[in-house]
Amino acid sequence: KNFAKGFMIYFYDYWPRKKPVILKNVLFENNKNILLPASYVELDKLVNMLKQNTFLNIEIRGYTDNIGKEKNNKILSEQRAKAVCDYLISKSISSKRLLYKGFGSDHPIASNQTPEGREQNRRVEFAIIMK
């Protein structure tokens with residue numbers, strides 16, 4: 001018989017699940033992936049947290065509202081998540097500690113029926129991950 005030569009242990013339910021953290025005031029040029037300077041204050045807080053907790057790895061997640069084509073929204077959300085990662089890397093955070101992903105208009109946190117709701121859905125958040 002052939003036996004497996006190795007195995008993996010998955011710890012998905014071992015550690016308590018943490019909710020993703022929405023990065024407030026991370027803003028971009030309209031319909032672009034260019035960070036506005038007003039975003040730097042919030043992002044610098046994240047940089048400091050990562051420098052103080054060198055064992056943490058995070059995934060940056062980008063989202064859009066549901067206006068426009070979903071394919072374009074996914075691309076834009078991923079580009080924006082990457083822009084945040086690039087900023088962190090420019091502040092000496094190792095790229096090995098970072099992942100990024102764009103979700104487009106998936107997982108809204110508010111109604112897309114109002115301008116206020118759409119604004120809330122256009123967000124960047126991060127989650128602590130095991131890497």
Side-chain angles (χ1 to χ4, degrees):
K1 287 187 171 184
N2 290 332
F3 292 98
K5 296 183 182 192
F7 62 93
M8 290 186 154
I9 299 174
Y10 294 93
F11 292 102
Y12 291 123
D13 294 322
Y14 185 76
W15 286 279
R17 293 186 186 196
K18 302 266 184 193
K19 285 184 130 184
V21 176
I22 297 173
L23 294 168
K24 305 266 189 218
N25 301 316
V26 174
L27 307 169
F28 297 88
E29 287 187 13
N30 190 33
N31 215 20
K32 295 182 181 174
N33 65 332
I34 299 170
L35 280 165
L36 294 177
S39 306
Y40 301 159
V41 172
E42 184 74 11
L43 292 176
D44 288 341
K45 290 177 188 175
L46 180 57
V47 167
N48 290 333
M49 189 265 301
L50 289 169
K51 285 184 177 180
Q52 291 172 7
N53 300 282
T54 57
F55 58 91
L56 289 181
N57 299 312
I58 64 170
E59 179 179 69
I60 303 294
R61 300 172 179 173
Y63 298 89
T64 64
D65 57 28
N66 69 348
I67 302 298
K69 294 182 179 177
E70 184 55 28
K71 179 182 174 186
N72 295 340
N73 285 341
K74 289 233 190 234
I75 292 168
L76 179 60
S77 64
E78 184 160 330
Q79 290 173 339
R80 287 179 170 182
K82 183 181 184 310
V84 170
C85 279
D86 290 343
Y87 181 84
L88 299 177
I89 291 166
S90 77
K91 297 294 185 175
S92 303
I93 302 300
S94 170
S95 62
K96 294 177 182 175
R97 298 175 59 196
L98 306 171
L99 293 175
Y100 65 90
K101 185 168 184 179
F103 291 90
S105 63
D106 293 347
H107 314 293
I109 58 172
S111 170
N112 277 304
Q113 302 303 313
T114 66
E116 296 82 14
R118 288 191 295 275
E119 183 178 341
Q120 288 179 47
N121 289 331
R122 294 188 300 268
R123 68 193 187 280
V124 176
E125 60 188 29
F126 75 91
I128 296 170
I129 58 168
M130 298 207 43
K131 197 171 172 187

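Note that the numbering runs from 1 along the sequence shown for the chain. The structure displayed is predicted, hence computed values, not measured ones.
The hydrophobic cluster containing Ile60 also contains Ile128, counting ILVMFWY residues as joined when their side-chain heavy atoms lie under 4.5 angstrom apart, directly or transitively. Leu35 and Phe126 fall within a single hydrophobic cluster, where Ile, Leu, Val, Met, Phe, Trp and Tyr side chains are chained together by heavy-atom contacts under 4.5 Å. One hydrophobic cluster holds both Val124 and Ile89 under the rule that ILVMFWY side chains link at heavy-atom gaps under 4.5 Å. A continuous path of hydrophobic side-chain contacts links Leu56 to Leu43 [ILVMFWY only; heavy atoms under 4.5 Å].
Between the side chain of Lys51 and the backbone N or O of Lys91, at least one donor-acceptor pair lies under 3.5 Å. Not a single donor-acceptor pair under 3.5 Å links the side chain of Thr64 to the backbone N or O of Ser77. Side chain of Arg123 to main chain of Asn121: a donor-acceptor pair is present (N/O by atom type, distance under 3.5 Å, no hydrogens or angles). Side-chain N or O atoms of Arg80 include one that pairs as donor or acceptor with a backbone N or O of Lys32 at under 3.5 Å. Judged by distance alone, with hydrogens and angles left aside, the side-chain atoms of Asn73 form a donor-acceptor pair with the main-chain N or O of Asp65 at under 3.5 Å. Side-chain atoms of Arg97 come within 3.5 Å of backbone N or O of Leu50 as a donor-acceptor pair. Of the possible donor and acceptor atoms, none in the side chain of Asn112 sits under 3.5 Å from a partner among the backbone N and O of Arg118.
Results of the ring-ring contact (aromatic ring centres under 6.0 Å, His included) test with Tyr87 over Tyr40, Phe28, Tyr100 single out Tyr40 as the only residue that passes.
In this structure, CE in Met49 is found 9.0 Å from CD in Gln52, a value given to the nearest 0.5 Å. Atom-to-atom distance recorded for Ile93:CD1 and Thr54:OG1 is 9.5 Å, nearest 0.5 angstrom. With rounding to the nearest 0.5 angstrom, the CG atom of Asn33 is 11.5 Å from the CD1 atom of Ile75. Considering CG of Asn72 and CD of Gln79, their distance stands at 9.5 Å, rounded to 0.5 Å.
In this structure, the side-chain hydrogen bond (donor to acceptor under 3.5 Å, both in side chains) partners of Ser105, at least two apart in sequence or on a different chain, are Glu70.
Across all their heavy atoms, Lys24 and Glu42 have their closest contact at O-CG, 2.9 Å. Between Cys85 and Leu98, the shortest heavy-atom contact is O-CD1, 3.9 Å.
Side-chain contact between Lys45 and Leu23 is absent, with no heavy-atom pair separated by less than 4.5 Å. Between Asn25 and Val41 there is no side-chain heavy-atom pair separated by less than 4.5 Å. Leu46 is not listed as a side-chain neighbour of Val21, based on a closest heavy-atom distance of 4.5 Å or more.
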*Hey, mind stepping through Ile58 and Ile129 against side-chain contact (heavy atoms from CB on, under 4.5 Å) and telling me if it holds?*
CA-CA 5 Å; Ile58 64 170; Ile129 58 168; 5.5 Å; no
Should Asp106 and Lys74 be marked as a side-chain contact (heavy atoms from CB on, under 4.5 Å) after you check the CA-CA gap, both sets of side-chain angles, and the distance that decides it?
CA-CA 9 Å; Asp106 293 347; Lys74 289 233 190 234; 2.7 Å; yes
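Within a 6.0 Å sphere centred on CD of Gln113, heavy atoms belonging to other residues, nucleotides or ligands number 12 at most.
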